Participant: 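Supplied in structure tokens, the structure appears directly below.
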Amino acid sequence: MKKILITGSKGFLGKHLVKRLKEDYELLTPSSSEMNVKDREELYDYVSETTPDTIIHLAAVCGGIGANQKSPADFFLSNSLMSLNILSASSYYGIKKLITLGSVCSYPKFTPVPFKEEDIWNGYPEETNAPYGIAKKSLLVGCKAYHEQYGNNFIHLIPVNMYGEHDNFDPHSSHVIPALLKKFIEAKEKGEPSVEVWGDGSPSREFLYAGDCARAIELALEHYNSPNPINIGTGQEISIKNLVHLIRDIVGFKGEITFDPSKPNGQPRRCLDTSKAEKEFNFKASTSLEEGLLKTYNWYINS
């Protein structure tokens, strides 16, 4: 049975992936207190002692626009350290396959929609999340470099914005969907007359249910062996304004919505070309946004 180390296994996507893989693989799922990827020595010791065949690197320091604006150096340094350490340890210990997860934030601010993998180098990322996006992009550079020099089987997947059960609902660091769900749920419970939303509502985003991303990782684990990056998403976009109304209806909030255009919008549009994932390992997202939002809402209410 293949032995897989999953970094970030206790996180949001990690929980979905562990649930998906636990029946068919031997999983190593240390917490960050047991094995901190930012600590090179700690990572090397853990890999040396446990001898995994494969590493799936999910661990990251991430958050929404507000968190990125508040701590850009922390986001850059933490993710860069993890990128460098996981690449070097995987090569040093002869790991048969390393799967790294990048970020849609790595794409240039004005990438033509839908984003194609070959466009990732055609400009600078959107300013509010560039330090994070560039730190994650270093994984792509590393996968190619180690493949060219040492023949390592290191791959790089680029998922779009994810959501789902176990997401981070902390208002200081959460992404847009959990932040909006929490806002509307609390406003409904308190009987508030309105909810304020950052930005003017015009940007578009693509959202991927985390359970679908876990399935994509499993398919890539078995069927993809190239350092060339692969987009993971739904290929469908929705404006923030329409997303806000959709979430309001799911929660059942009856009040008004006000947009605050003094707050940053972030990247104007985000939507991936996902044809390569379908061609290379037959991945196509199967969870609609409405279905995924309802699952996330029900999980949050019941937990």
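Keep in mind that the numbers below use all heavy atoms, side chains included, and drop hydrogens, waters and symmetry copies. Just so you know, these numbers come straight off a predicted model, no measurement behind them.
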Participant: Counting only heavy atoms from other residues, nucleotides and ligands, does the tally under 6.0 Å from CZ of F253 exceed 12?
Facilitator: yes

Participant: E196 side chain to T258 main-chain N or O, any donor-acceptor pair under 3.5 Å?
Facilitator: no

Participant: Do any N or O atoms from the side chain of S90 and from the backbone of L87 form a donor-acceptor pair under 3.5 angstrom?
Facilitator: no

Participant: For F75 and Y132, take the angle between the two ring planes, folded into 0 to 90°, and tell me which bin it lands in: parallel under 30, tilted 30 to 60, perpendicular over 60.
Facilitator: perpendicular

Participant: Any donor and acceptor pair, going by atom type alone, linking the side chain of T50 with main-chain N or O of Y46 inside 3.5 Å?
Facilitator: yes

Participant: Taking atom NZ of K263 as the centre, report whether more than 12 heavy atoms of other residues, nucleotides or ligands fall under 6.0 Å from it.
Facilitator: yes

Participant: Is it the case that S204 and E237 place a side-chain donor and acceptor less than 3.5 Å from each other?
Facilitator: yes

Participant: Short question: side chain of K97, backbone of L221 - any donor-acceptor pair under 3.5 Å?
Facilitator: yes

Participant: If hydrophobic clusters are built from ILVMFWY residues whose side chains come within less than 4.5 Å, do F12 and L294 share one?
Facilitator: no

Participant: What verdict does the side-chain contact (heavy atoms from CB on, under 4.5 Å) test give for I177 and F207, after you've listed the backbone C-alpha separation in whole Å, the side-chain angles of each residue and the deciding distance to 0.1 Å?
Facilitator: CA-CA 9 Å; I177 283 179; F207 296 99; 3.5 Å; yes

Participant: Please check: side-chain N/O of K188 versus main-chain N/O of V251, any donor-acceptor pairing under 3.5 Å?
Facilitator: yes

Participant: With the side chain counted from C-beta on, respond yes when S9 and L27 share a heavy-atom pair under 4.5 Å apart, and no when they do not.
Facilitator: no

Participant: Does the side chain of S174 come under 3.5 Å of the side chain of N168 through a donor N or O and an acceptor N or O?
Facilitator: no

Participant: May I ask you to decide if L77's main-chain N or O and S80's side chain share a donor-acceptor pair within less than 3.5 Å?
Facilitator: no

Participant: Would a 4.5 Å heavy-atom cut-off, applied to side chains only, mark Y93 and S48 as touching?
Facilitator: yes

Participant: Crowded around K241 NZ? As in, over 12 foreign heavy atoms under 6.0 Å?
Facilitator: no

Participant: For K2, does the NZ atom have more than 12 heavy-atom neighbours from other residues, nucleotides or ligands under 6.0 Å away?
Facilitator: yes

Participant: Counting the benzene-type ring for Trp, do Y44 and Y92 have ring centres under 6.0 Å apart?
Facilitator: yes

Participant: Does any non-hydrogen side-chain atom of P52 lie less than 4.5 Å from one of I95?
Facilitator: yes

Participant: Looking only at heavy atoms, what is the nearest atom pair of D212 and S286, with distance?
Facilitator: OD2-N, 3.1 Å

Participant: Does a side chain donor of either H57 or T7 reach within less than 3.5 Å of an acceptor in the other side chain?
Facilitator: yes

Participant: Do you reckon Y124 sits in the same ILVMFWY cluster as I120, going by side-chain contacts under 4.5 Å, direct or chained?
Facilitator: no

Participant: Does one side chain, of D119 or T111, offer a donor that lies under 3.5 Å from an acceptor on the other?
Facilitator: no

Participant: Specify whether F283 and F281 have parallel, tilted or perpendicular ring planes, treating 30° as the upper limit for parallel and 60° as the lower limit for perpendicular.
Facilitator: tilted

Participant: Spell out, yes or no, whether L84 and L140 are grouped together once hydrophobic residues are joined by side-chain heavy atoms under 4.5 Å, including indirect joins.
Facilitator: no

Participant: With the side chain counted from C-beta on, respond yes when I56 and L5 share a heavy-atom pair under 4.5 Å apart, and no when they do not.
Facilitator: no

Participant: Between E165 and Y209, do the side chains contain a donor N or O and an acceptor N or O under 3.5 Å apart?
Facilitator: yes

Participant: Hey, could you give me the CE/CG distance between M82 and L43, rounded to the nearest 0.5 Å?
Facilitator: 11.0 Å

Participant: Taking V160's backbone N and O only, do any of them form a donor-acceptor pair with E206's side chain (distance below 3.5 Å, no angle check)?
Facilitator: no

Participant: With a 4.0 Å cut-off on N to O distance, would you call R20 and E218 a salt bridge?
Facilitator: yes

Participant: Can you tell me if CD on E256 sees more than 12 non-hydrogen neighbours from other groups inside 6.0 Å?
Facilitator: no

Participant: Minimum heavy-atom separation for P72 to P131, with atom names?
Facilitator: O-CB, 3.5 Å

Participant: Grouping I, L, V, M, F, W and Y whenever their side-chain heavy atoms are under 4.5 Å apart, do L17 and M1 come out in a common cluster?
Facilitator: no

Participant: Tell me yes or no: between the side chains of Y146 and N153, is some donor less than 3.5 Å from an acceptor?
Facilitator: no

Participant: Calculate, to the nearest 0.5 Å, the distance between atoms CG and CD1 belonging to N129 and I134 respectively.
Facilitator: 9.5 Å

Participant: Just checking, any donor-acceptor pair under 3.5 angstrom between side chains of S275 and E278?
Facilitator: no

Participant: Do side-chain atoms of N302 reach the backbone of N298 as a donor and acceptor pair under 3.5 angstrom?
Facilitator: yes

Participant: If you look at every heavy atom in N85 and V37, which pair is closest and at what distance?
Facilitator: ND2-O, 2.9 Å

Participant: Within the supplied structure, the quantity of interest is the number of heavy atoms (other residues, nucleotides, ligands) at a distance under 6.0 Å from K3 NZ; does it exceed 12?
Facilitator: yes

Participant: Contact between K182 and Y300 at the side-chain level, heavy atoms closer than 4.5 Å - yes or no?
Facilitator: yes

Participant: Quick one: closest heavy-atom pair of F259 and D200, and the distance?
Facilitator: CD2-C, 3.8 Å

Participant: Any chance you could measure I250, atom CD1, to K295, atom NZ, to the nearest 0.5 Å?
Facilitator: 13.0 Å

Participant: Just how far is it from atom CZ of R215 to atom CD1 of I232, taken to the nearest 0.5 Å?
Facilitator: 10.0 Å

Participant: Stepwise, does the side-chain contact (heavy atoms from CB on, under 4.5 Å) test hold for K276 with E117?
Facilitator: CA-CA 9 Å; K276 199 170 172 185; E117 290 88 349; 3.6 Å; yes

Participant: Counting only N and O atoms by type, is there a donor-acceptor contact under 3.5 Å from the side chain of H147 to the main-chain atoms of P227?
Facilitator: no

Participant: Would you call P264 and W198 a side-chain contact if the rule is heavy atoms closer than 4.5 Å?
Facilitator: yes

Participant: Hey, are the side chains of I99 and L101 touching, using non-hydrogen atoms and a 4.5 Å cut-off?
Facilitator: yes

Participant: At what distance, to the nearest 0.5 angstrom, does NZ of K279 lie from CG of N282?
Facilitator: 13.5 Å

Participant: Can you tell me if N231 and D273 form a side-chain donor-acceptor pair at under 3.5 Å?
Facilitator: no

Participant: If you measure from the Lys or Arg side-chain nitrogens to the Asp or Glu carboxylate oxygens, is any gap between K144 and E148 under 4.0 Å?
Facilitator: no

Participant: Might you point out which heavy atoms bring P125 and C105 nearest each other, and give the distance in Å?
Facilitator: CB-O, 3.4 Å

Participant: With a 4.5 Å cut-off on side-chain heavy-atom distances among I, L, V, M, F, W and Y, is there a chain of contacts connecting Y25 to L28?
Facilitator: no

Participant: Decide yes or no for V104 and L272: does some side-chain heavy atom of the first lie under 4.5 Å from some side-chain heavy atom of the second?
Facilitator: yes

Participant: Apply the test side-chain contact (heavy atoms from CB on, under 4.5 Å) to residues Y224 and L219: give CA-CA distance (whole Å), side-chain angles for both, the deciding distance (0.1 Å), then the verdict.
Facilitator: CA-CA 8 Å; Y224 190 66; L219 287 168; over 6 Å; no

Participant: For S103, does its backbone N or O pair with a side-chain atom of K137 as donor and acceptor, under 3.5 Å?
Facilitator: no

Participant: Of the non-hydrogen atoms in V197 and I257, which two are nearest, and what is the gap between them?
Facilitator: CG2-CG2, 4.1 Å

Participant: Could you walk me through whether N265 and S202 pass the side-chain contact (heavy atoms from CB on, under 4.5 Å) check?
Facilitator: CA-CA 8 Å; N265 276 329; S202 65; 4.0 Å; yes

Participant: As an exercise, state the distance from CG of D167 to NE2 of H16, rounded to the nearest 0.5 Å.
Facilitator: 8.0 Å

